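No experiment lies behind these values; they were computed from the predicted model shown.
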Amino acid sequence: MAELCRTDSSLTALEEEMLWEMMEDHRCRIVRSICPSRLTPYLRQAKVLDQLDEEEVLHSPRFTNTAMRVGHLLDLLKTRGKNGAIAFLESLKFHNPDVYTLVTGLQPSMDFTNFSGLMETSKLTECLAGAIGSLQEELSQEKGQKEALLRQCQQLQEHLGQAEARAEGLRQLEADHSRMKREVSAHFHEVLKLKDEMLSLSLHYSNALQEKDLAATRCRGLQEELYLMKQELQREKMSSSCEREFRERSLKMTNDLEPGDEELSRLKEENEKLRSLTFSLAEKDILEQNLDEALESRQELVNRIHSLREQAMAAERQRKQYWEEKEQTLLQFQKTKVDCEIYKEKMNVLQSQVVELQKERDQAYSARDGSQLEMSQNLAEKDALRRKVFELTDQVCELRQQVQRLQAQAESLPGPKQEAGAREPCPKRKQQLVRMFALCPWDDSDGSSSEQCPGEAEASPQDPGPGHGAGLPRGRAAGADKRYWREPHGHLHSSGHPGLRGRRDGVVPRHPDYDGYKKLVQDLKAKVATSGDSFYIRVNLALERRAEGELQVHCNDILHVTDTLFQGGSCWHAHRVGPYSTKGTEQGTIPNYAQAQQLLIALIQDMAHRSTMARKQPSVGGQKLVRIVSMDRTKASPLWSSFDGGQSDPSQVEDPSTVCFWAESYFTLVPYTLVHSHRPSRPRPVLFVPRVVGKILMEKLCLLQGYKKCPAAYLSQEEYDASSQRGDIIQQREASGGRYCVTCSAVESLMGKNTHALLDVQLDSVRVLHKMEIFPIIIYISINEKVAKKFKKALQQLGTTEDQLLEAARQEEGELDKVPCLYSSLAPDSWSDLHALLGCVRLAIADEQKKVVWTE
């Protein structure tokens with residue numbers, strides 16, 4: 001097929017059957033890949049489908065899925081012939097380029113001069129084609145973001161695995177620690193047991209010593225007895241020898257005298273002596289046996305004494321070892337006790353500081369509550385005085401009307417009477433504080449007055465004008481509709497409203513477009529459109545969802561208001577706008593201007609009367625509830641100006657008192673702020689809040705690619721005058737002989753190098769940058785006492801203290817509500833150290849660069 005179709009012009013040259021044959025060959029892929037709701041707008045513009053066909057394709061109950069709807073769409077287009085096939089292929093070129101390439105074999109091109117001729121190449125078509133191209137670019141960017149997030153997810157998973165490994169190691173260390181504790185406890189119990197055993201051994205040792213002493217004394221006694229027995233034995237031997245000799249001599253003598261009798265007596269005596277001697281030998285044997293037993297028992301005692309001495313020495317060594325371990329344990333205990341005392345002192349000091357900080361916080365809360373209560377009381381008094389002024393103004397108008405009527409009655413001629421009646425001024429009507437529309441909100445108190453003030457566009461009471469169907473008040477519809485209308489691009493236009501004339505706001509141009517006005521009137525009559533509203537607002541308070549269909553809104557949300565007369569004007573219909581596009585996502589109703597203003601005042605009063613106990617409770621999510629913005633009525637946005645649009649009466653300009661009264665300015669709280677969108681293509685400059693933290697971060701970011709600090713150039717007086725005339729000065733400070741200035745040209749040069757310019761300027765310079773079409777990124781870093789300690793070393797290098805940082809942060813945080821654009825916030829718990837903060841800042845800058853810039 002690619003050989004048949006090489007150019008776009010060849011498609012129109014092909015026959016109808018060939019074109020449909022190409023699409024039928026790929027019908028399955030077309031049915032599966034195409035969303036019919038994206039193609040039908042283009043096909044309707046090409047006039048191959050009408051409204052009924054589109055309704056049948058998109059909403060017919062016969063088709064239960066997308067494939068059936070696409071098949072029916074192809075069948076309808078086939079009945080349209082060759083034009084239907086060419087228009088369908090051109091719509092594929094915009095919305096499904098891959099399917100277009102598959103069917104035709106051509107690469108889709110966005111050349112607006114090569115349309116098939118089925119529809120005129122208008123500015124609207126070019127805008128739609130450009131929008132489709134931008135959506136495709138956003139899709140590619142989203143794919144890149146998805147890949148980056150996937151890589152980041154993989155890194156986080158790796159970090160998680162490492163953290164789990166570290167946690168497993170810590171759990172193992174904790175188990176080892178508990179095991180060692182148990183072992184120490186077991187050893188301690190063993191030491192106690194060994195001490196008890198040593199005590200029992202010492203007792204046994206003392207008993208053994210006592211037994212040894214007893215055995216020694218007994219041995220000495222036995223030795224003495226043995227010595228005595230030996231001496232007695234010697235004496236007995238000597239006496240026995242003497243007696244034997246004497247007996248022998250006596251026997252010899254008796255033998256000589258009486259041999260027979262003497263011999264017998266001698267034998268008897270020897271027998272007696274032998275008997276006595278035998279008894280002594282038995283005793284001697286007994287004594288020797290006792291001596292041997294005593295010596296054996298002594299040897300046993302000596303051996304036992306030696307073993308006890310060895311056991312005592314081993315017990316003494318163990319006692320010394322356990323004593324050393326006890327000393328080390330006691331030393332560690334003393335160190336732990338000292339550390340515990342130090343920690344206790346630190347905790348006491350911290351608790352005292354926390355108590356002082358709580359007292360200071362309570363004092364600050366009470367002072368803030370007092371100021372907010374005083375502010376709410378002043379607002380209530382101001383509203384009461386304003387109502388009184390309106391009533392007195394009505395009375396003055398009525399009195400002037402009566403005076404002019406009396407003057408008219410005094411005239412005798414009918415001509416002058418009619419002229420006086422024609423010049424009769426319209427009475428000042430009371431301003432309705434209950435409702436406020438974005439465009440021409442004036443309405444009479446009963447909603448049915450048909451009087452018309454002089455100086456307005458004339459319209460007959462019977463002919464309410466072409467804009468009456470849109471909900472505009474009668475008598476002013478003809479003039480108001482010509483003053484306000486909506487282009488297809490959604491811009492508001494004014495062609496003569498006194499409250500909007502002369503404004504330099506680019507969103508409310510001063511040139512009329514009657515063709516657009518006529519188209520709007522036709523749509524209103526045909527009930528195709530119910531309102532000509534299409535503008536974007538920034539919400540300055542948090543609105544809860546109280547009923548079905550209402551839109552829950554947070555402070556600083558961006559909404560696209562599409563109908564200010566929804567449900568009779570009691571509320572507005574709006575869409576929530578995403579951060580990366582101007583397309584609405586969630587839709588619902590929000591209170592109108594006056595109701596939102598009353599809710600804002602009530603919310604401020606509720607915050608002022610909130611109890612101290614409720615303040616001490618932690619807030620859920622830390623969501624900002626109120627952005628207090630006050631505005632001068634004479635310098636207000638078109639939303640407030642339209643509220644005062646009906647107050648001026650050109651016929652009363654000649655009265656100086658009336659002019660002075662209505663020219664008097666007063667301030668009022670603004671619940672909604674009109675904003676405009678911007679999409680800068682170049683890298684936006686970066687501004688940090690507070691500035692002290694910004695100086696620290698800029699030194700770190702300058703070392704990275706894509707970031708550079710914007711220097712303050714020295715300008716002489718002549719150079720300064722020339723730059724001031726060009727409006728090139730962003731911020732300045734005095735110097736000897738000249739000034740140091742941050743200039744727009746320096747910022748532009750850095751942006752031209754595809755670099756983020758790091759600005760060290762005040763927040764009031766943001767408006768100056770917006771006038772120069774430069775939209776900086778504002779990064780707000782929330783600071784508290786804990787966070788300020790993390791910057792201690794960096795603050796010392798700058799010569800700043802933590803208290804000065806906290807005070808500067810409080811002051812600059814209050815100035816953020818006055819900044820005419822959104823900003824990015826970094827919570828204190830989103831980073832742990834300066835390196836982590838630097839990573840969070842880089843991510844925030846990259847994210848803000850992708851977002852749509854909304855300015856007031």
Side-chain angles (χ1 to χ4, degrees), residues 357-387 431-436 537-559 561 570-572 574 576 588-631 633 636 639-640 643 666-673 780 782 784 810-811 813-819 822-823 825 827 856:
L357 290 174
Q358 289 178 350
K359 291 180 180 179
E360 294 177 358
R361 184 194 64 184
D362 294 338
Q363 292 176 0
Y365 279 151
S366 60
R368 187 190 69 179
D369 292 342
S371 62
Q372 290 180 348
L373 180 60
E374 184 178 357
M375 182 187 299
S376 62
Q377 291 176 355
N378 291 335
L379 289 172
E381 293 176 358
K382 183 178 177 181
D383 291 337
L385 293 175
R386 189 180 300 167
R387 285 193 291 270
Q431 184 177 6
Q432 296 294 322
L433 296 179
V434 179
R435 60 182 296 184
M436 177 183 294
I537 60 173
R538 177 183 180 183
V539 184
N540 298 327
L541 73 161
L543 299 175
E544 296 181 355
R545 184 176 182 181
R546 295 172 295 180
E548 186 69 23
E550 291 188 359
L551 187 63
Q552 184 177 2
V553 182
H554 302 292
C555 187
N556 289 327
D557 275 1
I558 303 298
L559 302 181
V561 179
S570 60
C571 58
W572 291 359
R576 192 192 310 277
T589 60
I590 60 173
N592 58 24
Y593 197 98
Q595 292 174 357
Q597 193 175 43
Q598 295 299 325
L599 290 175
L600 178 60
I601 295 174
L603 186 57
I604 293 174
Q605 291 176 349
D606 180 65
M607 291 172 63
H609 290 87
R610 188 177 303 168
S611 63
T612 306
M613 295 301 295
R615 284 196 308 267
K616 290 182 180 179
Q617 297 177 355
S619 60
V620 180
Q623 182 67 35
K624 186 177 179 66
L625 297 178
V626 173
R627 173 176 176 253
I628 299 178
V629 180
S630 61
M631 187 173 293
R633 188 188 66 175
L639 293 178
W640 181 250
F643 179 75
Y666 58 90
F667 288 87
T668 182
L669 291 175
V670 180
Y672 303 140
T673 309
Y780 169 61
S782 182
N784 52 27
R810 293 190 191 99
Q811 293 179 359
E813 182 181 2
E815 297 176 1
L816 280 174
D817 284 346
K818 302 177 183 178
V819 176
L822 301 179
Y823 56 88
S825 300
E856 298 177 359

- Steps toward side-chain contact (heavy atoms from CB on, under 4.5 Å) verdict (E815, V819): CA-CA 7 Å; E815 297 176 1; V819 176; 6.0 Å; no
- What residues form a side chain to side chain contact (heavy atoms under 4.5 Å, CB included) with I628, not counting sequence neighbours? I604, V626, L669
- salt bridge (Lys or Arg N to Asp or Glu O under 4.0 Å) against D606, all qualifying residues, sequence neighbours excluded: none
- Message: For the CG atom of L816 and the OH atom of Y823, what is their distance to the nearest 0.5 Å?
- Response: 5.0 Å
- Query: When you look at I558 and I537, which way does the side-chain contact (heavy atoms from CB on, under 4.5 Å) test go after all the steps?
  - Reply: CA-CA 6 Å; I558 303 298; I537 60 173; over 6 Å; no
- Note on the structure: Hits for side chain to side chain contact (heavy atoms under 4.5 Å, CB included) against L385, two or more places apart or cross-chain, chain-then-number order -> none
- Query: Roughly how far, to the nearest 0.5 Å, is the CH2 atom of W572 from the CG atom of L559?
  - Reply: 10.0 Å
- Task: Using side chain to side chain contact (heavy atoms under 4.5 Å, CB included) as the criterion, list what pairs up with Q552, not counting sequence neighbours.
- Result: R545, H554
- Task: Quick one: pull up CD in Q605 and CG in L379 and give me the separation to the nearest 0.5 Å.
- Result: 8.0 Å
- Given side chains that start at C-beta, do those of Y672 and N540 come closer than 4.5 Å, heavy atoms only? no
- Query: Taking NZ, NE, NH1 and NH2 as the nitrogens, is one of them in D383 or R386 under 4.0 Å from a carboxylate oxygen of the other?
  - Reply: yes
- Residue set satisfying salt bridge (Lys or Arg N to Asp or Glu O under 4.0 Å) with R538, at least two apart, ordered chain then number -> E856
- Message: Is any side-chain heavy atom of Q597 closer than 4.5 Å to one of V670?
- Response: no
- Of all heavy-atom pairs linking P591 and A596, the shortest is CB-N, 4.0 Å
- For the residue pair I590 and C571, what are the closest heavy atoms and their distance? O-CB, 3.3 Å
- Query: Counting distance only, does the side-chain N/O of Q598 pair as donor-acceptor with the main-chain N or O of Y593 below 3.5 Å?
  - Reply: no
- side chain to side chain contact (heavy atoms under 4.5 Å, CB included) against Q372, all qualifying residues, sequence neighbours excluded: R368, D369, M607, A608
- So, does N556 use its side chain to make a donor-acceptor pair with the main chain of L822 at under 3.5 Å? no
- Message: Could you measure the distance from the OH atom of Y365 to the CD atom of Q358? Nearest 0.5 Å is fine.
- Response: 11.0 Å
- When you check the side-chain N and O atoms of S570 and N592, is any donor under 3.5 Å from an acceptor? no
- Is the backbone N or O of R546 less than 3.5 Å from a side-chain atom of E550, with the two atoms forming a donor-acceptor pair by type? yes
- Point-to-point distance, once rounded to the nearest 0.5 Å, from CG of L603 to SG of C555: 9.0 Å
